[in-house]
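Presented below is the structure to which this report refers.
This one's a predicted model, so the numbers in the text were calculated from it and none came from an experiment. For the numbers below, each heavy atom of this structure counts, side chains included, while hydrogens, waters and symmetry mates do not. All ligand and atom numbering here is 1-based and tracks the order in the structure.
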Amino acid sequence: MLNELTLSQLTHTLARREASARDAMQACLDRIARVDGAVKAFLSYDAPDALAQADAADRAIAAGADFRRQPLLGVPIAVKDVLAVKDQPLNCASKILGNFRSPYDATVIEKLRAAGAIVFGRLNMDEFAMGSSTENSAFQTTRNPWDTSRIPGGSSGGSAAAVAAHECLASLGSDTGGSIRQPASLCGCVGLKPTYGRVSRYGLVAFASSLDQIGPFTKDVCDAATLLEVLSGVDPRDSTSVPQPVPHYAGALTGDIKGLKLGVPKEYMIPGIDPAVDAAVRAALRHFESLGAEIVEISLPHTDYAVATYYIVATAEASANLARFDGIRYGARVEGTDPVALYANTRGQGFGPEVKRRIILGTYVLSSGYYDAYYLRAQKVRTLIRRDFLQAFEKVDAIVTPTTPTPAFKIGEKSEDPLQMYLSDIFTISCNLAGIPGLSLPCGFTNPKLGTGNSKLPIGLQLLGQPFGEATLLNLAHTYEQTTAWHREKPKLNP
Ligand code: GLN
């Protein structure tokens, strides 16, 4: 099955002319037709356009294209509904964008196309990337392919589920407070949030501009390295992108991690973590030791403040970023007797409850009288959180934690309790506040005979690195992956 291959396996197959890009694209479309009624990862896709791109890739291959220059040639890649793809719908899983279509390609989309990828499909997400379960989509709740009664994580739940269900070879998502790593962990794939500034955000609908990064979801670590190299680089259209040279990330996968020091923050291995997650992470640490790494206990003393800090900074920025959706410039419009009524009607009917909650919180923490007490203080704590990490990296090469405190929870389990939902982000948000890179990869499964209602659910391991230290993270993750078998497991999805 071509759709079940990794990205690198597919390009080898295409390069040897053992299959065509059209066959690969068709295999994904067939898979979507078969399973997406149950998974609900895709909001839409344009099959004729996808097949036309595949035919163009096949013509390029027939004309002798060089896969070293176009490492994604003929590879079907789907994207979260928050990235601009020319002439395709862009809704951020919200009703407020109406029938909007993007007039241009995001920089990451241009880069995917230049590398030969077939860019297709719009993947479901929490509305405006606010959430941890994809239940906040205005259109549908995506299901976890390992157990369709459970959430896939969020906000990039569609991106994770589509890769885990082999509906595409890889996907893109965005991570503001864990939205790549958390769903990757819960769906059993590899998810990478690059350093702030590593990847251009031009064409990404902004949620919280000081935290947002775009990154890949893949079936293995080697594919994550390949995609990161394609996506990275400075962009004059995003002034927060950094002119740091882009390494050959796949070349960093040496398999040698001897002598590397891995920090385990004592504030993270706390009671309250699901026992299966705790056991899998501890086993992974022992495995790293057996590969020659050294495990060191470290402290990140401001960890307790991360959730509160994040939910002040992120909501404040969101309240400003989402001001542009006013019924005048984009998408849906609900008329009113005067312009203020038009704004209120459009925003009142266009935004869902979680987005409204965030805008209200964000407006509140920025309002005069509360600015100093909340927003300014949160910015100061953010600096302390970043300092915790930079001090830790004076002693260790990377930090290892669980990605999430529990495996995938049931649909509906936390949707009525925003605080419980926010707390599920406890291990992923500090990374965004600090601007450092983070990667999640599979490190085990729950035992279906114990506790989790008879399903076998993936568990994710999070690796955090120094700013622009993605190569070290990828090498650690790849070495672990190649000496374990978790990434070869596939969900038994037979709807
Ligand atoms: N779950 C977090 C939130 O709801 C993270 C979202 C994200 O990274 N986009 O804000």
Exercise. Is K356 positioned over the aromatic face of F351, cation under 6.0 angstrom from the ring centre and no more than 45 degrees off axis?
Worked result: no
Exercise. With hydrogens left out, which residues have an atom under 4.0 Å from ligand 1, given that only heavy atoms count?
Worked result: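 A129, M130, G131, S132, S155, D175, T176, G177, G178, S179, F207, Y310, Y311, R358, D425.
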For residues 159-172, tabulate all N or O donor-acceptor pairs below 3.5 Å that involve a side-chain atom, not counting sequence neighbours.
unit_1 : atom_1 : unit_2 : atom_2 : d
S159   : OG     : L172   : O      : 3.0
H166   : ND1    : K219   : NZ     : 2.8
S171   : OG     : S159   : O      : 2.9

Problem set entry | R150/D147 salt bridge by N-O under 4.0 Å criterion | yes
Problem set entry | Residues that R347 engages under salt bridge (Lys or Arg N to Asp or Glu O under 4.0 Å), provided they are two or more places apart |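 R347 satisfies salt bridge (Lys or Arg N to Asp or Glu O under 4.0 Å) with no residue once adjacent residues are dropped.
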Problem set entry | OG1-CG distance between T383 and L433, expressed to the nearest 0.5 angstrom |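 With rounding to 0.5 Å, OG1 (T383) is 10.0 Å from CG (L433).
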Return a table of donor-acceptor pairs under 3.5 angstrom between the side chains of residues 206-213 and protein atoms on other chains or two or more places apart.
unit_1 : atom_1 : unit_2 : atom_2 : d
S209   : OG     : N321   : ND2    : 3.0
S210   : OG     : E317   : OE1    : 3.3
S210   : OG     : E317   : OE2    : 2.6
S210   : OG     : R382   : NH1    : 2.8
D212   : OD1    : T176   : OG1    : 2.6
D212   : OD1    : A208   : N      : 3.1
D212   : OD2    : F207   : N      : 3.0
D212   : OD2    : A208   : N      : 3.3
Q213   : OE1    : V199   : N      : 3.4
Q213   : NE2    : V199   : O      : 3.3

